[in-house]
Asker: 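Would you mind keeping the following structure in view while I ask a few things?
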2 protein chains.
Amino acid sequence: MEVYTIKDIARELGISTSTVSRALRGSYEINPETKRLVMECAERLNYRPNPIALSLKGSASRAIGVILPQIANYFFSQAINGIEAIAYNRGYHVIIFQSQESYEREMANVQQAMSRKVDGLLMSLSSETSDVTHLQDVLDKNVPLVLFDRVSSELNVTKVVADNFGGAFAATEHLIRSGRRRIAHLTIQPWLSITQERLAGYRAALEQNGLEFDEALIRYGTFGPDEVGPMVDELMHLDSPPDAFFTASDRLAVGCLQALRQRNLHIPDDVSLIGFTNLNVADLLDPPLSTVVQPAQEIGQIAAERLIDQIERKLRALPIETVRIPTELIVRRSTRLEAVKL
Amino acid sequence: MEVYTIKDIARELGISTSTVSRALRGSYEINPETKRLVMECAERLNYRPNPIALSLKGSASRAIGVILPQIANYFFSQAINGIEAIAYNRGYHVIIFQSQESYEREMANVQQAMSRKVDGLLMSLSSETSDVTHLQDVLDKNVPLVLFDRVSSELNVTKVVADNFGGAFAATEHLIRSGRRRIAHLTIQPWLSITQERLAGYRAALEQNGLEFDEALIRYGTFGPDEVGPMVDELMHLDSPPDAFFTASDRLAVGCLQALRQRNLHIPDDVSLIGFTNLNVADLLDPPLSTVVQPAQEIGQIAAERLIDQIERKLRALPIETVRIPTELIVRRSTRLEAVKL
DNA sequence: AACGTTCCCGACATCGTTTGCGCAAATTAT
DNA sequence: ATAATTTGCGCAAACGATGTCGGGAACGTT
């Protein structure tokens with residue numbers, strides 16, 4: 001388990017380190033025979049180039065940085081899984097940073113990732129982030145950047161997102177078709193791309209079905225603890241309370257389910273509930289929760305692929321684009337009114 | 001957002017880099033006035049030492065490596081959360097590696113972590129790992145190592161674990177007290193420390209309550225997909241089938257719940273179910289799931305604290321010990337027979 | 001006046017690797 | 001046979017920071 005350097009190989013073979021280095025990277029100006037010897041020796045000693053030294057030199061560190069709000073979250077942990085799988089296959093390490101939904105920490109994370117000389121950066125923005133100059137700096141330094149899930153329209157980079165509009169549209173339309181008319185939407189910070197897209201899908205479904213969009217039915221969460229209960233209370237005390245809840249995240253869906261049950265509101269008799277979530281136990285809940293599933297792992301995989309493509313073909317600029325992954329509507333009992341009649 | 005080096009400060013102040021370096025680390029042999037100037041300049045330029053260069057030099061990299069089987073797992077993602085919180089507070093970065101339950105990958109991860117010159121290593125063993133010489137190598141190189149959750153008795157290092165014996169004992173006793181006599185135990189690979197401890201707790205509870213330990217009621221999972229259904233089928237076709245299931249992990253608990261429901265076995269009328277899990281939606285399941293909760297985040301925190309303590313007080317060897325964090329039994333409807341009578 | 005101490009600070013080597021340049025030997029062209 | 005080219009390889013300088021020397025200036029001591 002000793003760790004050998006290029007020097008060891010050089011000494012072993014009685015040649016210079018430059019020659020070893022060039023031989024290992026297959027330079028044309030090295031004698032094929034020498035190359036063979038070097039390769040053989042490197043193999044024998046189980047030589048692995050020191051990533052630290054490489055990074056310091058400014059060349060590839062074969063590490064990509066991932067900055068996201070929270071690891072302990074169904075969506076993100078699955079996304080990381082996808083990222084890690086691709087990165088591993090293509091020979092990259094993943095260095096993970098959590099912004100904890102803080103703009104401050106996100107900026108610090110970016111700086112640290114840069115000083116660790118990552119070859120590229122994969123990010124999902126914190127909920128506090130509205131200014132993206134720290135990311136523009138990354139781009140200015142020519143470090144590839146791919147955004148996923150929570151993206152910013154102000155940056156001209158590749159983005160990988162779920163079809164938030166389509167998912168929200170489908171969820172809302174499903175609720176309308178099952179007879180709901182007052183559909184509340186619990187969502188997160190309004191300036192986030194995903195919030196806006198989901199809200200737009202929700203609104204479009206309402207309007208295309210001849211229903212009025214009512215701002216009073218929208219609630220914006222802040223990732224605080226136990227914030228869903230009060231929101232539900234407020235909504236249920238409206239003159240015209242909601243008959244359905246459409247939530248925009250894992251946490252909100254679970255919180256809402258909990259709040260509704262605590263208040264003895266029966267689902268789906270009193271109100272329907274549908275979530276935008278990656279909860280893999282959704283069908284084991286009481287009642288089984290209808291959801292719009294976003295393929296978190298796939299989003300992570302595609303984001304990682306795009307990033308590594310960019311890293312490796314730096315010269316030939318790859319097209320900047322927004323990849324939109326379809327979501328899937330899964331109807332379960334929490335929105336299935338007929339089921340109640342059984 | 002420019003990034004400055006020690007050279008920039010040296011040039012700015014017309015002094016040498018050595019002086020700047022020493023001034024920054026408060027060496028006694030630098031004129032207080034010079035120190036002040038350097039500090040001030042560093043502050044002004046927002047100087048941050050380059051972690052890569054530090055690592056190369058062999059000194060602290062202020063990064064700790066975390067190697068664990070899977071990120072997308074309730075327990076581990078919460079543990080990472082705890083680790084990251086402590087690491088961040090104490091100025092360390094966290095580099096995460098997933099072994100994907102593979103011994104091969106775990107060894108590769110260890111090598112990579114070492115070549116990235118992490119200051120210390122935090123590990124939970126893959127389910128394939130029985131040989132730990134790769135970790136002994138780490139210790140031989142004087143790199144601090146702390147194991148958590150899945151630990152090995154063959155290594156003389158600090159370990160942080162849940163009270164697996166106590167938790168299993170409590171769960172089993174609870175089942176016995178509620179009238180169960182044939183308690184099946186679904187667990188994971190038998191050579192893992194947590195498996196053995198939980199099994200021992202289960203067995204002790206049985207024997208102290210005058211019940212026979214029956215090997216036929218034990219099933220060992222392998223992290224394969226959909227493996228729980230067949231296990232349940234086998235058990236229910238025994239001459240004397242179980243009247244309760246005690247599962248050793250998140251995945252098994254959820255899988256078991258699903259399997260039992262698919263087979264129309266009513267919980268807890270037909271069989272009770274209790275899990276050893278960190279599922280935070282356990283009380284929203286149908287039925288709400290009794291669990292032994294292990295404080296994943298706390299385990300992560302304590303492990304990180306111990307590791308960083310070891311890193312920073314390398315000289316004075318800290319005591320090696322096994323920290324055992326209490327678990328908590330939470331009884332919900334899945335094991336509450338009386339509740340059925342409502 | 002000559003010597004020994006302190007006090008500050010700079011030159012240089014170092015970590016592992018890459019890379020520009022140059023140099024000798026081997027090969028080809030004249 | 002001499003000149004021009006090619007081939008194969010080594011030297012040394014970087015990357016950013018630290019640490020080992022050692023040296024000059026300003027003291028105090030005989």
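Any value given below was found using the heavy atoms of this structure, including those in side chains, with hydrogens, waters and symmetry copies removed. A note on names: the letters A, B, ... follow the listed sequences, proteins ahead of strands, and every chain is numbered from 1. Just so we're clear, the structure is a prediction, and the values are computed from it rather than from any experiment.
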Asker: Taking CD1 from A:Ile9 and P from C:dT18, how many angstroms apart are they, rounded to a whole number?
Answerer: 11 Å
Asker: What's the angle between the local helix axes at either end of the helix from C:dA1-D:dT30 to C:dT30-D:dA1, using five pairs per end and rounding to 10 degrees?
Answerer: 70°
Asker: Output a table of donor-acceptor pairs, distance under 3.5 Å, between side-chain atoms of residues 148-156 of chain A and any protein atom two or more places apart or on a different chain; print 'none' if there are none.
Answerer:
unit_1: A:Arg150; atom_1: NH1; unit_2: A:Glu101; atom_2: OE1; d: 3.1
unit_1: A:Arg150; atom_1: NH1; unit_2: A:Leu125; atom_2: O; d: 2.9
unit_1: A:Arg150; atom_1: NH2; unit_2: A:Glu101; atom_2: OE2; d: 2.9
unit_1: A:Ser152; atom_1: OG; unit_2: A:Glu154; atom_2: N; d: 3.0

Asker: Report the distance from atom CG of B:Leu24 to atom P of C:dC9, rounded to the nearest whole Å.
Answerer: 13 Å
Asker: Please list, in numerical order, the residues of residues 31-39 of chain A that have a heavy atom closer than 4.0 Å to any atom of DNA chain D.
Answerer: A:Asn31, A:Thr34
Asker: Between D:dG10, C:dG16, D:dG16, spot the one nearest the side chain of A:Ser16, thanks.
Answerer: D:dG10
Asker: So, OP1 or OP2 of D:dG10: does either fall under 4.0 Å of a side-chain N or O from A:Thr19?
Answerer: yes
Asker: Can you measure B:Ile30 atom CD1 to D:dG19 atom P for me and round it to whole angstrom units?
Answerer: 13 Å
Asker: Check the surroundings of atom CD in B:Glu104: do more than 12 heavy atoms from other residues, nucleotides or ligands lie under 6.0 Å from it?
Answerer: no
Asker: Taking only side-chain N and O atoms of A:Tyr28, does any of them lie within less than 4.0 angstrom of OP1 or OP2 on D:dC9?
Answerer: no
Asker: Answer yes or no: does atom CD of A:Glu43 have more than 12 heavy-atom neighbours from other residues, nucleotides or ligands under 6.0 Å?
Answerer: no
Asker: For B:Ile311 and B:Pro144, which heavy atoms make the closest approach, and how far apart are they?
Answerer: CG1-CG, 3.9 Å
Asker: Output a table of nitrogen or oxygen pairs between the protein and nucleotides 20-26 of chain D separated by less than 3.5 Å.
Answerer:
unit_1: D:dT20; atom_1: O4; unit_2: B:Arg22; atom_2: NH1; d: 3.2

Asker: If each of B:Thr17 and A:Tyr47 is mapped to the nucleotide of DNA chain C with the nearest heavy atom, which maps nearer the 5' terminus, i.e. the 5' end?
Answerer: B:Thr17
Asker: Atom CG of A:Asn50 and atom C1' of C:dT17: how far apart are they, to the nearest Å?
Answerer: 8 Å
Asker: Does the base of C:dT14 carry an N or O that pairs as donor and acceptor with the side chain of B:Lys57 under 3.5 Å?
Answerer: yes
Asker: A:Ser126: which residues meet the side chain to side chain donor-acceptor pair (under 3.5 Å) condition with it, sequence neighbours left out?
Answerer: A:Thr129
Asker: Hey, does the side chain of A:Tyr4 come within less than 4.0 Å of C:dT17's phosphate (OP1/OP2), counting only N and O?
Answerer: no
Asker: Going by the side chain to side chain contact (heavy atoms under 4.5 Å, CB included) test, name the single residue among A:Ile64, A:Val323, A:Val157, A:Val160 that passes it with A:Val146.
Answerer: A:Val160
Asker: Output yes when B:Glu40 and B:Arg44 qualify as a salt bridge under the 4.0 Å nitrogen-oxygen rule, no when they do not.
Answerer: yes
Asker: Base, sugar-phosphate or nothing for A:Ser21? Non-hydrogen atoms, less than 4.0 Å.
Answerer: base
Asker: Is there a donor-acceptor pair closer than 3.5 Å between any side-chain N or O of A:Asp119 and the backbone N or O of A:Arg62?
Answerer: yes
Asker: For A:Lys57, is there any backbone N or O sitting under 3.5 Å from a side-chain donor or acceptor partner on A:Lys117?
Answerer: no
Asker: Quick one: A:Ile52 CD1 to D:dT18 P, roughly how many Å, whole number?
Answerer: 15 Å
Asker: Using whole Å, what does the distance between atom P of nucleotide D:dC9 and atom CG of A:Leu13 come to?
Answerer: 11 Å
Asker: Kindly say whether A:Ser127 contributes a backbone atom to a donor-acceptor pair with the side chain of A:Trp191 at under 3.5 angstrom?
Answerer: yes
Asker: If I take atom NZ in residue B:Lys117 and atom P in nucleotide D:dA17, what distance separates them, rounded to the nearest angstrom?
Answerer: 17 Å
Asker: Starting at CZ of A:Arg48 and ending at P of C:dT17, how long is that distance when rounded to a whole Å?
Answerer: 12 Å
Asker: Just jot down the side chain to side chain donor-acceptor pair (under 3.5 Å) partners of B:Ser130, sequence neighbours excluded, or say none.
Answerer: none
Asker: Name the closest nucleotide to the A:Ile6 side chain, picking from C:dC9, C:dC15, C:dT18.
Answerer: C:dT18
Asker: Between A:Arg11 and A:Asp8 (salt bridge meaning N to carboxylate O under 4.0 Å), is one present in this structure?
Answerer: yes
